[in-house]
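Report on the structure given below.
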Amino acid sequence: EPYPVLTSSAASDVYRDSHKARKRFGQNFLHDPLVIQRIVQAINPLRGQRLLEIGPGQGAITLPLLRACRHLEVVELDRDLIQPLADKAATAGELVIHQQDALRFDFRSLADGERLRTVGNLPYNISTPLLFHLLEQADAIQDMHFMLQKEVVDRMAAAPGGGDYGRLSVMIQYHCRVEPLFRVGPGAFKPAPRVDSALVRLTPWPQPPFPVKDTGLLTTLVRQAFSQRRKTLRNALKGLLSEQGIRATGTDPAARPETIGVEQYVALANQLETET
Ligand code: SAM
């Protein structure tokens, strides 16, 4: 395996709360102090930085982050968690709580000249749409540290050629450097999820290595390509790009979508742009 597993050790009940975890909000609360410490170390929060946490829950990472930064913004949807969180944070620093849906949250409005450092042990049921929502605002983000389903992290980091490689890989890698940091077993969370998890660091490129002229066209093209991943590019891209157009970018029209790298997808999207 390419990145290490962090085994859950002295799992404790530091966050013994009366709150009953809600499945519909994807609530799996971290309770392993070693894992929490490693996440905070990976983030390396510094005073003066603009940090934003998505889904603070009962505050497992919120409180150590707040102690380090003294100021933290959080977006939490579950209203029942807001007051207990505010109470816990009272002596740790200045916590600004936005009781909102992160899927609709305007991250850009908080950046205000300085880019955001975004972190979160994300609700797994909305992680993919949330990642796409964040990518649309990547210019306002300095970096992101997310705990996700391990399988999602593997898909984000995948290289062309394998079964993990797909729409998520191309779109994330177009916008960001992807660093899987460590894996975490189910025992670090309460309730324990059925899947393994992993922490990933995403750093938006100051300039994408292969700039596309119109990111909307890249999105359209990549979505169409991978909706038919067993087909050849020629067939999968029918109606968007002709065989000739594909060939003009130096790509083999008989290749399969999962064998094409980010640079080639950018070339295809730029070709589409000249044709439309
Ligand atoms: N950060 C806490 C931890 O590590 O223990 C909680 C993590 S839990 C996996 C996900 C959190 O995201 C929950 O607190 C849940 O209520 C919140 N959440 C779920 N859907 C959300 C949404 N659409 N917008 C904002 N927060 C959401």
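These figures come from a predicted structure and were not determined experimentally. All ligand and atom numbering here is 1-based and tracks the order in the structure.
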Verify, without hydrogens or angle tests, whether Q224 (side chain) and K238 (backbone) share a donor-acceptor contact under 3.5 angstrom. yes
Return the residue, atom name and 0.1 Å-rounded distance of the protein heavy atom closest to atom 17 (C) of ligand 1. E76 OE2, 3.3 Å
Counting from 1 in the order shown, the ligand 1 atoms closer than 4.0 Å to a non-hydrogen atom of L81 are 14 (O), 16 (O)
Identity and separation of the nearest protein heavy atom to atom 19 (C) of ligand 1: F25 O, 3.0 Å
M147 touching ligand 1 at heavy-atom level, < 4.0 angstrom: no
Within 6.0 Å of CZ in R22, more than 12 heavy atoms from elsewhere: yes
Do side-chain atoms of W205 reach the backbone of F210 as a donor and acceptor pair under 3.5 angstrom? no
Taking only heavy atoms of E53, which atoms of ligand 1 are found under 4.0 Å from at least one of them? 1 (N)
Identity and distance of the protein heavy atom lying nearest atom 6 (C) of ligand 1: G55 O, 3.4 Å
For Q100, atoms of ligand 1 separated by under 4.0 Å from a heavy atom: 24 (N), 25 (C)
Does Q58 come within less than 4.0 Å of ligand 1, judged by its heavy atoms? no
Would you mind running through ligand 1 and noting each atom that sits below 4.0 Å from a heavy atom of D78? 16 (O)
Specify side chain, backbone, both or neither for L130, according to which of its non-hydrogen atoms lie closer than 4.0 Å to ligand 1. neither
Could a heavy atom of H31 be found less than 4.0 Å from some atom of ligand 1? no
Counting only N and O atoms by type, is there a donor-acceptor contact under 3.5 Å from the side chain of N125 to the main-chain atoms of R24? yes
Should R155 and D164 count as an ion pair when the cut-off is N to O under 4.0 Å? no
For atom 27 (C) of ligand 1, the protein heavy atom that lies nearest, with its residue and separation: L77 CB, 3.8 Å
Nearest non-hydrogen atom to atom 9 (C) of ligand 1 belongs to which of A21, G26, P123? G26
Between the side chain of T259 and the main-chain N/O of A255, is any donor-acceptor distance below 3.5 Å? no
Could you tell me which residues satisfy ring pair (Phe, Tyr, Trp, His ring centres under 6.0 Å) with F25, sequence neighbours excluded, listed by chain and number? none
Just to confirm my output: which protein heavy-atom neighbour is closest to atom 2 (C) of ligand 1, and how far is it? P56 O, 3.3 Å
Which is closest to atom 23 (N) of ligand 1 by heavy-atom distance: V119, D101, I61, N121? D101
For Y265, what residues pass the ring pair (Phe, Tyr, Trp, His ring centres under 6.0 Å) criterion, not counting sequence neighbours? F226
Sub-3.5 Å donor-acceptor pair from the side chain of Q49 to the main-chain atoms of L46, do we have one? yes
Donor-acceptor pair, R38 side chain versus F182 backbone, under 3.5 Å? no
Does at least one non-hydrogen atom of V75 fall below 4.0 angstrom from an atom of ligand 1? yes
Report the nearest protein non-hydrogen atom to atom 5 (O) of ligand 1: residue, atom name, distance rounded to 0.1 Å. L30 N, 2.8 Å
Are H31 and F189 near enough that their ring centres are under 6.0 Å apart? no
Atom 13 (C) of ligand 1: closest protein heavy atom, distance to 0.1 Å, is Q27 CG, 3.6 Å
I need the nearest protein heavy-atom contact for atom 24 (N) of ligand 1: residue, atom name and distance, please. A102 N, 2.8 Å
With distance as the sole test, does E76 use its side chain to make a donor-acceptor pair with the main-chain N or O of G57 at under 3.5 Å? yes
Within the 4.0 Å heavy-atom shell around N28, which atoms of ligand 1 are there? 7 (C), 8 (S), 9 (C)
Could you see which bit of T62 sits under 4.0 Å from ligand 1, with heavy atoms only: side chain, backbone, both or neither? neither
Taking only non-hydrogen atoms of I126 and a 4.0 Å limit, the atoms of ligand 1 in range are 22 (C), 23 (N)
Inspect the surroundings of CD in E263 and state if more than 12 heavy atoms from other residues, nucleotides or ligands are less than 6.0 Å away. no
